Amino acid sequence: MQITIQTQATNPVDLKAIEKKLTVIAQLPADDLDRLFQIAENPKALTALKSKWTMLKMMF
């Protein structure tokens with residue numbers, strides 16, 4: 001299956017970075033995609049993710 005996504009990028013470097021991120025996400029297993037979706041659609045989860053990001057990054 002192929003999906004087309006339109007996005008705004010201010011320059012080619014940003015566009016390439018967005019493309020790479022979306023490609024990696026698209027290759028994740030369905031259960032991982034579901035977890036990401038639950039975080040992405042929940043404002044409280046996004047706020048918590050942002051506030052705890054430094055600690056999370058140190059874990060991996």
Side-chain angles (χ1 to χ4, degrees):
M1 174 170 64
Q2 185 174 8
I3 297 173
T4 301
I5 297 174
Q6 293 182 349
T7 184
Q8 297 286 331
T10 57
N11 60 57
V13 174
D14 288 346
L15 185 59
K16 193 68 173 173
I18 291 169
E19 182 181 3
K20 181 179 178 182
K21 291 171 187 173
L22 290 173
T23 300
V24 169
I25 290 169
Q27 294 173 357
L28 291 173
D31 56 334
D32 291 337
L33 284 173
D34 185 49
R35 283 189 281 275
L36 288 174
F37 174 73
Q38 289 179 38
I39 293 169
E41 74 170 352
N42 184 324
K44 282 180 68 176
L46 288 173
T47 300
L49 183 65
K50 184 176 182 178
S51 69
K52 305 291 184 194
W53 187 245
T54 301
M55 180 183 66
L56 289 167
K57 282 188 356 181
M58 289 189 305
M59 293 173 65
F60 48 83

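Remember, it's a predicted structure, so these values are computed and weren't measured experimentally. Every heavy atom of this structure was used, including side-chain atoms; hydrogens, water molecules and symmetry mates were not.
Hydrophobic clustering (side-chain heavy atoms under 4.5 Å, transitive across Ile, Leu, Val, Met, Phe, Trp, Tyr) groups Trp53 together with Met59. Clustering ILVMFWY residues whenever any of their side-chain heavy atoms sit less than 4.5 angstrom apart, transitively, puts Ile3 in the very cluster that holds Leu22.
Around atom CD of Glu41, more than 12 heavy atoms belonging to other residues, nucleotides or ligands sit under 6.0 Å away.
Residues Ile39 and Leu49 approach most closely at CG2-CD2, 4.0 Å, considering heavy atoms. Considering every non-hydrogen atom in both Asn11 and Asp14, the closest pair reads OD1-N, 2.8 Å.
In this structure, the separation between CD1 on Ile18 and CD1 on Ile5 is 10.5 Å, given to the nearest 0.5 Å. The distance from the CG atom of Asp31 to the CG atom of Asp34 is 8.0 Å, given to the nearest 0.5 Å.
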Item to check | Stepwise side-chain contact (heavy atoms from CB on, under 4.5 Å) test for Gln27 and Thr23 | outcome: CA-CA 7 Å; Gln27 294 173 357; Thr23 300; 3.7 Å; yes
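Looking only at side-chain heavy atoms (C-beta outward), Lys21 and Val24 stay at 4.5 Å or farther from each other.
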